[in-house]
Amino acid sequence: MTSVFDTLTQRGFIQQTSHEDELKELLGKESVTFYIGFDPTADSLHIGHYVVLMAMAHMQRAGHKPIALIGGGTTMVGDPSGRTDMRQMLTKEEIQKNAERFKDQISSLIDFSDDKAIMVNNADWLLDLNYIDFLRDIGSQFSVNRMLTAECFKSRMERGLTFIEFNYMLMQSYDFLVLNREYGAVLQMGGDDQWANILAGADLIRRKEHRSAFALTCSLLTTSEGIKMGKTQKGALWLDANKTSPYEFYQYWRNVNDADVKRCMMLLTFLPVEQIEEMCSHNDHRINDAKRLMAFELTKQVHGEEEALKAQQAAESLFGGAKDADSIPSTEINMEQYQQNQRIIDIMALCALTKSKGEARRLVTQGGVSIDEEKITDPEMVVQEDSLKKGILIKKGKKTFHRVVLK
RNA sequence: GGAGAGGUUCCCGAGUGGCUAAAGGGAGCAGACUGUAAAUCUGCCGUCUUCGACUUCGGUGGUUCGAAUCCACCCCUCUCCA
């Protein structure tokens, strides 16, 4: 068995590990059961989760056994790590619903057949915990003094930290302990913002079970300037096609900075390291080939080959000149809507191309909008009914295309 | 529980009676330049039926011709003390 540790290092996944030498040796000699937790705080995973999922996939491919933990219980508490304010409290029903979506999304990258991976939900053991028992058994193992020195609480020490959130670390540590006892999990992985929580869990196992346990965190997906990636104007870059369309998803990666391509390819695709090195060695327009490949591969991984091809074709045709009507984001409007929104600015606002009619008006005035490749300048322009029936292609700026059809 | 400080447009942050839809910065959007990149420069950046109107400065009332700015009460946050 080749050590996946080298692979992960080579591709730039590893940010921090505990007991590095010991862990490296272990991963090289036997199949290790490890876990990663995902708190269902939204109804879809986003690209930030994806880096960690990739790490999980690499591990699985190397013969180790992943446990995907859905934080149905921990989400009831809310992780304060890296947050400047308290998370919104979600209801049990919302959490449950989100958890279901997570399961589907994780399954697309991780093979759960034949018990090759397990999925668990910490709600199963956290929700019915007895407070006093828990405090005596687990709480007694934690030093508040030490917890307070953790980096993840720093920002909160200035702004305020509630007791419920302060308990999060104990919950997560307890998860690790449970999984260690039940499934023999000896390694927990996660994003680097989870370092303190993960380490606390490993310590707990060592203390209570007198067994080795390891912590490993993955780099966060950041730009070369250290800014978090995966933000779009609509918020996060979601894995759910309904929240971020495959076309938008594709375009995001097609447009990343030169300086970030290599890192993204390493972390987010399975392309061979040598190939990535080679493709990203150019400083001129040839770097675009790398971006194109990355966008395609990643879209394929997340949305499937068919969607990836469609996104790619749409992009190539839109930017290449020939307009391929399919697979461009589009909106169908009905007669009633049309009667109330005949001007171009009304239609743009209706299709959410702009947040308001005022914004649409400004854009048109500034020359940022064209219809069927023809620049328009009059915001009061009325879109004719018969041309709308055939469908018009609105272009906002250089890269945003939207098709509108009257039904 | 006591004492102090504060809550401003997406974020940070000025503004202490009319000149304020509210400085400045960031983010974002657009134009130019390019490689569907970055950097840079320029414009925009509350809503609408846009040479005008309407809604905004924690909430509710009040003073005033006129309030983000003054008063009262309330809610919330932070700091120190208990």
Side-chain angles (χ1 to χ4, degrees), chain A residues 80 83-86 88 154-162 165 222-237 247-265 279-296 298-299 311-324 327-329 339-371 373 375-382 393-402:
Chain A
R83 283 236 149 197
T84 51
D85 55 356
M86 189 166 151
Q88 204 193 340
K154 285 272 168 64
S155 58
R156 299 306 300 277
M157 292 309 290
E158 285 154 32
R159 300 265 330 143
L161 178 70
T162 59
E165 298 170 281
T222 51
T223 66
S224 49
E225 274 128 33
I227 301 161
K228 252 193 189 175
M229 286 188 72
K231 290 277 180 202
T232 68
Q233 48 176 318
K234 289 181 194 157
L237 196 65
Y247 175 77
E248 279 175 275
F249 189 84
Y250 179 93
Q251 280 298 307
Y252 183 90
W253 301 109
R254 179 64 187 78
N255 283 317
V256 298
N257 292 178
D258 290 4
D260 302 323
V261 186
K262 184 167 151 186
R263 191 176 155 70
C264 290
M265 284 179 101
M279 290 191 85
C280 297
S281 59
H282 308 290
N283 280 330
D284 50 23
H285 63 275
R286 280 174 294 174
I287 192 87
N288 273 323
D289 295 336
K291 292 185 192 178
R292 208 171 288 130
L293 181 63
M294 167 169 72
F296 178 75
L298 190 45
T299 309
Q312 189 179 45
Q313 275 161 15
E316 303 287 328
S317 74
L318 284 171
F319 289 99
K323 298 292 171 275
D324 169 13
S327 62
I328 304 164
Q339 261 144 19
Q340 282 160 11
N341 302 282
Q342 303 202 341
R343 291 174 311 170
I344 182 63
I345 56 170
D346 299 329
I347 291 170
M348 288 181 73
L350 184 71
C351 299
L353 263 173
T354 56
K355 283 200 282 290
S356 67
K357 291 175 194 177
E359 189 183 326
R361 185 184 297 276
R362 275 178 240 121
L363 268 174
V364 172
T365 314
Q366 286 178 108
V369 177
S370 47
I371 295 177
E373 286 307 289
K375 188 167 275 192
I376 55 167
T377 47
D378 177 18
E380 299 295 328
M381 189 195 112
V382 171
L393 182 72
I394 302 176
K395 182 178 171 194
K396 176 194 144 197
K398 269 180 299 198
K399 294 177 224 161
T400 311
F401 294 87
H402 200 94

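Model, not experiment: these values are computed from the prediction. Proteins come first, then strands; the chains are lettered A, B, ... in the order of their sequence lines, and each starts at number 1.
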Q: Using heavy atoms to find the nearest nucleotide of RNA chain B for A:E380 and A:K375 separately, return the residue whose nucleotide is more 5′.
A: A:K375
(Q) Counting only side-chain heavy atoms from C-beta out, which of B:rU36, B:rA30, B:rG35 sits nearest to A:Q251? (A) B:rU36
**Q.** Whole-Å P distance, B:rU55 and B:rA5
**A.** 34 Å
Q) A:H285 NE2 to B:rA37 P: how many Å, rounded? A) 14 Å
Q: Check the pair A:D289, A:R286 against salt bridge (charged side-chain N to carboxylate O under 4.0 Å, His left out), reporting the backbone distance first and the verdict last.
A: CA-CA 6 Å; A:D289 295 336; A:R286 280 174 294 174; over 6 Å; no
Q) Distance check: side-chain N/O of A:R343 vs OP1/OP2 of B:rU49, anything under 4.0 Å? A) yes
Q: Check whether more than 12 heavy atoms from other residues, nucleotides or ligands sit under 6.0 Å from atom CG of A:D284, and answer yes or no.
A: yes
Q) If you measure from the P atom in B:rA23 to the same atom in B:rU16, how many Å do you get, rounded? A) 14 Å
**Q.** A:N255, nearest nucleotide to its side chain (from B:rU36, B:rA30, B:rC48)
**A.** B:rU36
Q.
Using a heavy-atom cut-off of 4.0 Å across all strands, would you classify A:R286 as base, sugar-phosphate, or nothing?
A. nothing
Q: Send over the distance from A:R361 CZ to B:rC45 P, rounded to a whole Å.
A: 13 Å
Q. When you compare B:rG25 with B:rG58, how far apart are their P atoms, in angstrom units rounded to a whole number?
A. 23 Å
Q | Closest nucleotide among B:rU36, B:rA37, B:rU49 to the A:D258 side chain | A | B:rA37
Q: Let me know the distance between CG of A:N288 and C1' of B:rG35, rounded to the nearest Å.
A: 5 Å
Q) When we call it a touch if two heavy atoms are under 4.0 Å apart, what does A:V256 touch: a base, just sugar-phosphate, or nothing? A) sugar-phosphate
**Q.** Spacing of A:L363 atom CG relative to B:rC44 atom P, expressed in whole Å
**A.** 13 Å
Q | From NE2 (A:H282) to CG (A:N288), nearest 0.5 Å | A | 11.5 Å
Q. Which pairs count as salt bridge (Lys or Arg N to Asp or Glu O under 4.0 Å) when at least one residue sits in residues 360-370 of chain A, sequence neighbours excluded?
A. A:R361-A:E380
Q.
Between C1' on B:rU50 and CG on A:D378, what's the gap in Å once rounded to a whole number?
A. 13 Å
Q) Partner of B:rU40 by Watson-Crick or G-U wobble geometry, both contacts under 3.5 Å, or none? A) B:rA32
Q: In whole angstrom, give me the gap between the P atoms of B:rC71 and B:rG1.
A: 25 Å
Q) Hey, does the side chain of A:T354 come within less than 4.0 Å of B:rC29's phosphate (OP1/OP2), counting only N and O? A) no
Q) Which residue, A:G368 or A:I287, contacts RNA chain B at a nucleotide closer to its 5' end, judged by nearest heavy atom? A) A:G368
Q) Taking CG from A:N257 and C1' from B:rU36, how many angstroms apart are they, rounded to a whole number? A) 13 Å
Q) In the strands shown, is B:rA72 matched to any nucleotide by a Watson-Crick or G-U wobble pair with both distances under 3.5 Å, and which? A) B:rU60
Q.
The side chain of A:K291 is closest to which nucleotide in this list: B:rU49, B:rG35, B:rU36?
A. B:rG35
(Q) From the set B:rA38, B:rU36, B:rC44, return the single nucleotide nearest to any side-chain atom of A:R254. (A) B:rU36
Q: Remember a base hit wins even if backbone is also touched, and classify A:E359 as base, sugar-phosphate or nothing at under 4.0 Å, heavy atoms.
A: nothing
Q.
Over all strands shown, is A:D289 touching base, sugar-phosphate only, or nothing at heavy-atom distances under 4.0 angstrom?
A. nothing
Q. Salt bridge (charged side-chain N to carboxylate O under 4.0 Å, His left out) between A:D260 and A:R263: does it pass, once the steps are laid out?
A. CA-CA 6 Å; A:D260 302 323; A:R263 191 176 155 70; over 6 Å; no
Q) Heavy atoms under 4.0 Å, any strand shown: does A:K398 hit a base, just sugar-phosphate, or nothing? A) base
Q: For B:rC54 versus B:rA21, give the span between their P atoms, rounded off to a whole number of Å.
A: 12 Å
Q) Now, which nucleotide makes the Watson-Crick or G-U wobble pair with B:rG17, with each of the two distances under 3.5 Å? A) none
Q | Nearest-Å distance once atom P is located in both B:rU9 and B:rU56 | A | 14 Å
(Q) Using ring centroids (six-membered ring only for Trp), state whether A:F319 and A:F401 fall under 6.0 Å. (A) yes
Q: State the pairing partner of B:rA53; accept Watson-Crick or G-U wobble contacts with both distances under 3.5 Å, and report none otherwise.
A: B:rU47
(Q) Students often get this wrong, so: under 4.0 angstrom with heavy atoms, is A:G397 touching a base, only sugar-phosphate, or nothing? (A) sugar-phosphate
Q.
Please give the distance between the P atoms of B:rC29 and B:rC76 as a whole number of Å.
A. 38 Å
(Q) Output the rounded distance in Å from CE (A:M348) to P (B:rC48). (A) 13 Å
Q. Donor-acceptor pair, A:S370 side chain versus A:E373 backbone, under 3.5 Å?
A. no
Q. Atom CD1 of A:I345 to atom P of B:rU50: distance rounded to whole Å?
A. 8 Å
**Q.** Side-chain N or O of A:R362 closer than 4.0 Å to phosphate OP1/OP2 of B:rG28
**A.** no
Q | Inter-nucleotide P distance (B:rU34, B:rC44), Å rounded | A | 24 Å
Q.
Checking base pairs now: Watson-Crick or wobble, both atom distances under 3.5 Å. What partners B:rG4?
A. B:rC78
Q: Find the distance between CD (A:Q312) and OG1 (A:T299) and round it off to the nearest 0.5 Å.
A: 8.5 Å
